[in-house]
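Below is one structure, written out as structure tokens, with a few remarks after it.
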Number of protein chains: 2
Amino acid sequence: MSKEKNQQTEERILETAIEVFQERGMAATRMQEIADRAGINKALLHYYFRSKQQLFEAVFSKCFMQFAPKVNSIFQSEEPLFDKLYRFADNYITFMLKNRFLVPFIVQEMNNNSEFAFSFLDSVNRPDPTIISGQIKAEIEAGIIKPIHPKQLLLSIFSLVAFPFAAQVLIKGLLKMDDEEFVTLMNERKTLIPDMIKNALKP
Amino acid sequence: MSKEKNQQTEERILETAIEVFQERGMAATRMQEIADRAGINKALLHYYFRSKQQLFEAVFSKCFMQFAPKVNSIFQSEEPLFDKLYRFADNYITFMLKNRFLVPFIVQEMNNNSEFAFSFLDSVNRPDPTIISGQIKAEIEAGIIKPIHPKQLLLSIFSLVAFPFAAQVLIKGLLKMDDEEFVTLMNERKTLIPDMIKNALKP
DNA sequence: GTCTATAGCCAGATAGAC
DNA sequence: GTCTATCTGGCTATAGAC
């Protein structure tokens, strides 16, 4: 109800839209719900973002920009592999525990909208696995870790940290966990996962 | 166009509905598209399944019944842990390579519909992790594997096999893979994952 | 059992007043 | 810039003929 100037309104719409899109996904989101939660009306949404599709793209883009740096932190720094890994797991899990819907949202919308997803990835400064792939090969040749295809290792690392968030409801159902236990387990995984990878790669 | 008797029609509707729901998800699926692909009209869908929600529930149920046995195969048999693990990974990945949309569909719809998901899980003969948890504890006490919380181990195993399917588009985008490379990697993972777990758990 | 036609509703988008 | 009111289209679901 309160009337502010425009930058603030646009910001409030976007923040609210992020919440609703993350909770419900693109297809199930209603513009009316965003308007209600933001305390404005539908017309104003269209005034600022023109269409649901464009609002979605703004939301997805902002979400991906939160997600990408977490991935980049393992792709790009120059520390030894295992040091990076401990930092990455801690960093990633801490952040995703505070943003529970981020991973499932990104995963779901990329699956459901793959043509948009790929053109989006091409248009942004996306994470690039070249550096770390080289590093993994170098550490293999130096005898620090056992031979493994770099993509396999990266895929395993991502799987171990991201899947519990991506498939939260399924996992809680299968392993009979409540949310409290889920959080405890994820906190343990900050070191458990790097420990596990380290052991597995010992020559 | 061709007119058969009813059991066949119902079966054809359900099979077509599984395809469309898996491709698009519940919210984005249109009854019209199911009717078109099945070569019938919308009215007939409602004649057999009454509503979109009920058709979805039939689809989800059938999909979950394909998914559950794969999980049960590691939960329930009495082989030594590592033997089971090799069988499970091979089995699971082989099946999911032939049913590419199954994991993302289950994951997505459980996330988007968690109240239905939980009541569904309670109503079926769902996988039960009790047996394998006991087995893991026993093998730890026998000194066969290092100490680890059974749920953490199970979560890691599921993550390693399931995440690449659940987040197919994201993974292909981040690691710059085409579908052929994805399939090659997944085939390698049938033994790579058990090998990795085995190494990691060596006392 | 299967079709055509349509009711009825709901969501995205726009017009126009303030 | 923000609102109310409304248009338009699309979708689920049903009525009713065959």
Spacing between [X] atom [atom1] and [N] atom [atom2], to the nearest angstrom:
X	N	atom1	atom2	value
A:Arg50	C:dT14	CZ	C1'	9 Å
B:Asn41	D:dT12	CG	P	14 Å
B:Asn6	C:dT2	CG	P	7 Å
B:Arg12	C:dT2	CZ	P	8 Å
A:Tyr48	C:dA13	OH	P	18 Å

Could you tell me if the ring centre of B:Phe56 sits under 6.0 Å from that of B:Phe21? yes
Is it the case that the ring center of A:Phe105 lies less than 6.0 angstrom away from the ring center of A:Phe101? no
Closest non-hydrogen atom pair between B:Asn72 and B:Asp128, with its separation: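 Closest heavy-atom pair between B:Asn72 and B:Asp128: OD1-N, 4.0 Å.
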Closest non-hydrogen atom pair between A:Lys146 and A:Lys202, with its separation: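 Taking A:Lys146 first and A:Lys202 second, the nearest heavy atoms are CG-O, 3.2 Å.
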If the plane angle is over 60° it's perpendicular, under 30° parallel, otherwise tilted; pick one for A:Phe60 and A:Phe64. parallel
Using a cut-off of under 3.5 Å, enumerate the N/O to N/O pairs linking the protein to nucleotides 16-18 of chain D.
none

Let me know, please, whether A:Leu44 or B:Gln53 comes out on the 5' side of the other along DNA chain D by nearest nucleotide. A:Leu44
Measure from the side-chain heavy atoms of B:Tyr47 and tell me the nearest of C:dG1, D:dT14, D:dG1.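 So the side chain of B:Tyr47 is nearest to C:dG1.
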Would you call B:Glu181 and A:Lys151 a salt bridge, using N to O less than 4.0 angstrom?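 Salt bridge: yes.
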Is the backbone of B:Gln7 close enough, under 3.5 Å, to the side chain of B:Arg12 for a donor and an acceptor to pair up by distance? no
Keeping to residues at least two apart or across chains, list the side chain to side chain donor-acceptor pair (under 3.5 Å) pairs with something in residues 156-177 of chain A. A:Arg100-A:Gln168, A:Ser156-B:Arg189, A:Lys172-A:Asp179
Distances under 3.5 Å only, N/O to N/O: pair up the protein atoms with those of nucleotides 6-11 of chain C.
none

